[in-house]
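Throughout, a chain's letter reflects where its sequence line sits, starting with A, and its residues are numbered from 1. What you see is a predicted model, and the numbers here were worked out from it, not measured in a lab.
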Amino acid sequence: MRRVALIFLLVIAVLMMVQLQAQERTRIDVSKLGPQVGSRVPDFKLSDQNGTSRTLQSIMGRRGAMLVFIRSADW
Amino acid sequence: MELQGRVKELQAQGLGLATISYDSREVIAAFVKQYGITFPMLSDPGSETIKRYGILNTVAVEAFGPNRDDPAVKAAVRQYVSEVGATPNMAGIAFPGTFILDRQGRVTSRLFEDFYVERNTVASVLKQLGVGGESVGATTVSTEHLEVTTYPSDATIAAGNRFSVVLDITPKRGMHVYAPGASSYRIVSVKITDPPIIRVLSPRYPASEIYHFKPLNERVPVYQKPFSLAQELVLEGDVKSQGTYRGKDSLTITGTLEYQACDDKICYNPVSLPLSWTVTLRPLVFQRPTVAR
């Protein structure tokens, strides 16, 4: 009987841990995401509006570039 | 799109400009056509580049995950995904942010601030990055406790637009001001007093630090390093409101910076520092691009 109770308690404990894990959430710190100052960003090959293939090099001005990640052009 | 108005300024700075989003080329092409965009808007339909940059917006997915009812998730959705809540098609977007790169593709500065929403703060991004910030009128005011440089995020606004007044605040040596959560002190905030057609959205604050005030053995959230407040505002766009500013070229907004400063010994009286911002008014209708679906 005691053993059953123990197993029962263990199951409860495991369930509670699962529950806790599901609720645990790391706060997002956007300042830590993505390439940081001084590091080189990954190159890419993406189509622009005209279907022209663009790379990091092709968007550069004479001193560099401003690369803006927008959420969407659609909403 | 405000970025378009910045192309010349960026060119003068020798900077190329491109955006990246998860939209299909068709959506982007329609947007470009509608708004007369001349810079490359790149399409990353599978979000592969966004993922390789490590800035895939996880909140857009969390909004439909097991924690969707968590108030923190809901707040994050408003902050990073959409004011009106997420829809499943939003999975795959990036956290909005800006990188300034040198010719070798190295990051010289970046802006992924919590409360900066791309669509209304290009001007302030440029200003913060030290790129052609002259087009927005910045004012610097110094008090005995702090120095504040303030400017509107956009030089020009139109009916219904959301924009911000940005305050870059530097507490003087040894001084701190109070952050939300501090009781019995005046918490730093921006108050808008006029005109009534400016709606003030709920303020967002950068992370604060805990200060141990030894004389009272008190631990309170404060700002003692330079920090920025961006108070989001809306120029009311309903017919009645528009009537009060139709035909005017500019709009002056007045308000105050409310704060209380203390050093390690003395707490000074609360301060209401008068401020004003002037923006140019522009008649504009901003619509969603029409795409054949």
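- Contact annotation: the side chain of B:Ile20 never approaches that of A:Val68 to less than 4.5 Å [non-hydrogen atoms, C-beta and beyond].
- You'll find the side chain of A:Ile59 reaches within 4.5 Å of the side chain of B:Pro40, heavy atoms only.
- Here the side chains of B:Arg103 and A:Arg63 are not in contact, with every heavy-atom distance at 4.5 Å or above.
- When all heavy atoms of A:Ser72 and B:Ser21 are compared, the pair lying nearest together is CA-CB, 4.4 Å.
- By the 30° and 60° cut-offs, the orientation of the rings of A:Phe44 relative to B:Tyr53 is tilted.
- The closest side-chain heavy-atom distance from B:Val81 to A:Arg71 is not below 4.5 Å.
- Taking B:Ser43, B:Gly65, B:Ala94 one by one and counting their heavy-atom pairs under 4.5 Å with chain A, the maximum is reached by B:Ser43.
- When each of A:Lys45, A:Gln36, A:Arg54 is scored by its heavy-atom pairs under 4.5 Å with chain B, the top score falls to A:Gln36.
- Between chain A and the options B:Gln11, B:Lys33, B:Met90, the largest number of non-hydrogen pairs under 4.5 Å is found for B:Met90.
- Contact tally against chain A (heavy-atom pairs below 4.5 Å) for B:Asp23, B:Thr108, B:Leu17: the top residue is B:Asp23.
- The nearest pair of heavy atoms linking A:Pro35 to B:Val107 is CB-CG2, 4.0 Å.
- Side-chain atoms of B:Leu101 and A:Met60, non-hydrogen and from C-beta on, do get closer than 4.5 Å to each other.
- Counting only distance, with no hydrogens or angles, the side chain of A:Gln49 and the backbone of B:Phe39 share a donor-acceptor pair below 3.5 Å.
- Distance check: B:Leu10 CG to A:Met66 CE gives 5.5 Å after rounding to the nearest 0.5 Å.
- Ranked by heavy-atom pairs under 4.5 Å with chain A, the first of B:Thr49, B:Leu42, B:Asn89, B:Leu56 is B:Leu42.
- B:Ser109 approaches A:Val37 most closely through the heavy-atom pair CA-CG2, 4.0 Å.
- For chain B, the nearby parts of A:Leu67 are the backbone and the side chain; heavy atoms of each come within less than 4.5 Å.
- Looking only at heavy-atom pairs under 4.5 Å with chain B, the residue among A:Thr52, A:Leu33, A:Leu56 that has the most is A:Leu33.
- No side-chain donor-acceptor contact under 3.5 Å links A:Arg62 to the backbone of B:Gly16.
- Neither the backbone nor the side chain of B:Glu48 comes within less than 4.5 Å of any heavy atom in chain A.
- Using a 4.5 Å cut-off between heavy atoms, A:Gln57 touches chain B through its side chain atoms alone.
- Contact annotation for B:Thr58: only side-chain heavy atoms (C-beta onward) come within less than 4.5 Å of a heavy atom of chain A.
- Under the 3.5 Å distance criterion, the side-chain polar atoms of B:Arg110 are matched with a main-chain donor or acceptor of A:Ser31.
- Residues B:Thr19 and A:Phe69 are not in side-chain contact: their nearest non-hydrogen atoms beyond the backbone lie 4.5 Å or more apart.
- The line from CD1 of A:Ile28 to OH of B:Tyr80 is 6.5 Å long, rounded to the nearest 0.5 Å.
- A distance-only check finds no donor-acceptor pair linking the side chain of B:Arg106 to the backbone of A:Val41 [under 3.5 Å].
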